A.B. asks: 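Pasting in a structure now, in structure tokens, and then I'll have a few things to ask.
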There are 2 protein chains.
Amino acid sequence: MHKTLASAQIHVAVDLMIVTVRDGKMAVLLSRRPQAPCAGCWALPGHLLPLEESAETAAESLLREMLPIDGAYREQLFTFTDVSRDPRGRVISIAYLVLVPWQRLEGCLTREEVKLACFTVCDDAKQSALVGPETILLDGPQLAFDHGQIIRTGIRRLQGKISYTDVGFHFLQSTDAFSLRELQMIFEAVLGEEMDKSNFRRSILARYETTGHISQTEDIQKSGRGRPAVLYRYIP
Amino acid sequence: MHKTLASAQIHVAVDLMIVTVRDGKMAVLLSRRPQAPCAGCWALPGHLLPLEESAETAAESLLREMLPIDGAYREQLFTFTDVSRDPRGRVISIAYLVLVPWQRLEGCLTREEVKLACFTVCDDAKQSALVGPETILLDGPQLAFDHGQIIRTGIRRLQGKISYTDVGFHFLQSTDAFSLRELQMIFEAVLGEEMDKSNFRRSILARYETTGHISQTEDIQKSGRGRPAVLYRYIP
DNA sequence: AATAATTATTGTTAATTTGACAATAATTAT
DNA sequence: ATAATTATTGTCAAATTAACAATAATTATT
């Protein structure tokens, strides 16, 4: 057992699963652990819950400390409490799901390159895996603690919620100017399946435009081949 | 600050929201707190998480210790971590949702009458309230700690899941012999709205009978006026 | 015994939603 | 100019939903 933790009490950690959509795939932010336990393994960012902070604010400040990002969508994911999930002693983890547009995350990663790496989540025949510079199985030994289980839980949560909530919108680079194609690529990345363009447009507009949560802007998309797309604005 | 808790650490509690459906209404199991803090208030059953148990098994053994009920459906609800949720010090609560058929709960309550009371959840113009011998508002001072918030979270969880999962079946007196009307009354109690008999039957059978999760039994309902109902069996 | 009342079950029909595709429009690349 | 590309609109049958109506099997009442 590790020396830095008192052994006769339960320690509470807050871990973040920071998710983005890059290149048509979900991606999770991980950092390589420099020391034992699990030295060299990839881990979700986290730290012990301060005595005078709620998990909610602790997650918020941990996020701010890691990335200069404000107002990212965040929700409590699950609390992991297996007795032997941490070899140092009894540590439970309150995991939070954080959604960040790739374009905002991208800039941050180059600055702390050494500690951060970003991997793509694939849905490889029900066996989710992380690939990047290396390939890492979610239930393999290269992920620290039970972080593979946390990630799987987060993926399921996102997949379950994207069709009937607005979580997908939080991956948009700008909620003030996005194309329906951009939103569709987010849905496809999260669900891991292609969707019909026409039907997707219809269901999104039926759900959000008629209720006033989405409206067309004057602008159209500049770059790219083909007919330029109308840009929309999302109003929560 | 209370003396029984060390002040320089975070304590972890496991609380149970034991829900049933009685008389067409949801009901939550509460016990009156005998001592401070919140003496005399109604509270969800709970205790501190033992060092050597996961929250999952702690919830299970706490349940068994309170009620002689085996195999009740249970899921982690949410972890409540507000800094000042407990006046004794820093206590976070991992709340679990437990679903029990009223007929099984009924017998247990008489035996520990002093400590347990069962209240009905009403949906009174968006202001949920508990009524029974007394009337208690969910956000009033008669509920201990943040237990009103926990209950509200549990109600929302149930309402959100009942239409697309099988949680409703766990309120059935017997999953081996139930009528569709009995199941419908559970749905109506959880959702707080009446449903069309014919359409309810159709949607349930379409979802569960065609997939083999529900099948007709040879039996029919004995008691009651009117045409006796066919009894079904639920196979998870 | 006959009739009413009650509850379960089945049936009907229009409206809406969904799924799969085709057609058209506006742009860039050749 | 023409092809290729992408966005947008349109179509149409199938499936689902919502709101009711009708029938069936039982108990309660006269």
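This is a predicted model, so every value here is computed, not measured.
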A.B. asks: For ring-ring contact (aromatic ring centres under 6.0 Å, His included), just list the numbers for A/Y232 and A/Y208, CA-CA rounded to whole Å, side-chain angles, deciding distance to a tenth of an Å, and then say yes or no.
C.D. replies: CA-CA 11 Å; A/Y232 288 83; A/Y208 293 105; over 10 Å; no
A.B. asks: So which one's nearest nucleotide on DNA chain C is more toward 5', A/K197 or A/R227?
C.D. replies: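 Closer to the 5' end of DNA chain C: A/K197.
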A.B. asks: Starting at NZ of B/K222 and ending at C1' of C/dA8, how long is that distance when rounded to a whole Å?
C.D. replies: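 From B/K222 NZ to C/dA8 C1': 18 Å.
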A.B. asks: Whole-Å distance between D/dT6 P and A/L231 CG?
C.D. replies: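 Interatomic distance, CG of A/L231 to P of D/dT6: 17 Å.
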A.B. asks: I'd like to know if B/R202 reaches the base of C/dG11 with its side chain such that a donor and an acceptor end up less than 3.5 angstrom apart.
C.D. replies: no
A.B. asks: Between atom CG in A/N199 and atom C1' in D/dT11, what is the gap in whole Å?
C.D. replies: 12 Å
A.B. asks: Give, for atom OG of A/S215 and atom CD of A/E209, the distance between the pair rounded to the nearest 0.5 Å.
C.D. replies: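 It is 8.0 Å, given to the nearest 0.5 Å.
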A.B. asks: Specify the residue among A/D196 and A/S203 whose closest nucleotide of DNA chain C lies further upstream toward the 5′ end.
C.D. replies: A/S203
A.B. asks: Kindly say whether A/S198 contributes a backbone atom to a donor-acceptor pair with the side chain of A/D196 at under 3.5 angstrom?
C.D. replies: yes
A.B. asks: Do A/S198 side-chain and D/dG10 base share a donor-acceptor contact under 3.5 Å?
C.D. replies: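 Counting by modelled atom types and ignoring angles, a donor-acceptor contact under 3.5 Å is found here.
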A.B. asks: Whole-Å distance between C/dT9 P and B/I204 CD1?
C.D. replies: 14 Å
A.B. asks: Ring centres under 6.0 Å, that's the criterion: do B/F78 and B/F80 meet it?
C.D. replies: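 Yes, they do, as the ring centres are separated by less than 6.0 Å.
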A.B. asks: What stems, by residue range, does DNA chain C take part in, given at least 3 consecutive Watson-Crick or G-U pairs under 3.5 Å?
C.D. replies: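 Output for stems: C:1-30 with D:1-30.
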A.B. asks: Rounded to whole angstrom units, what separation is found between the CZ atom of B/R181 and the P atom of C/dT9?
C.D. replies: 11 Å
A.B. asks: Rounded to the nearest 0.5 Å, how far does OG1 of B/T79 lie from CD1 of B/I150?
C.D. replies: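 If I round to the nearest 0.5 Å, the distance is 9.5 Å.
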A.B. asks: Can you find a heavy atom in the side chain of B/D176 that is under 4.5 Å from one in the side chain of B/T217?
C.D. replies: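 Heavy-atom side-chain distance check fails, nothing below 4.5 Å.
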A.B. asks: Output the rounded distance in Å from CG (A/L183) to P (D/dT6).
C.D. replies: 19 Å
A.B. asks: On the nucleotide C/dT10, are OP1 or OP2 found under 4.0 Å from the side-chain N or O atoms that B/R201 carries?
C.D. replies: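 For B/R201, the contact criterion (side-chain N or O under 4.0 Å from OP1 or OP2 of C/dT10) is met.
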A.B. asks: Please report, rounded to the nearest Å, how far the C1' atom of D/dT9 is from the CG atom of A/L205.
C.D. replies: 12 Å
A.B. asks: Looking at B/R225, does any N or O in its side chain come under 4.0 Å of the phosphate oxygens OP1/OP2 on D/dT26?
C.D. replies: no
A.B. asks: Below 30° counts as parallel, above 60° as perpendicular, anything between as tilted: where do the rings of B/H213 and B/Y234 land?
C.D. replies: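 Tilted: the ring planes of B/H213 and B/Y234 meet at 30° to 60°.
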A.B. asks: Whole angstroms only, please: what is the CD1-P distance between A/I220 and D/dT6?
C.D. replies: 16 Å
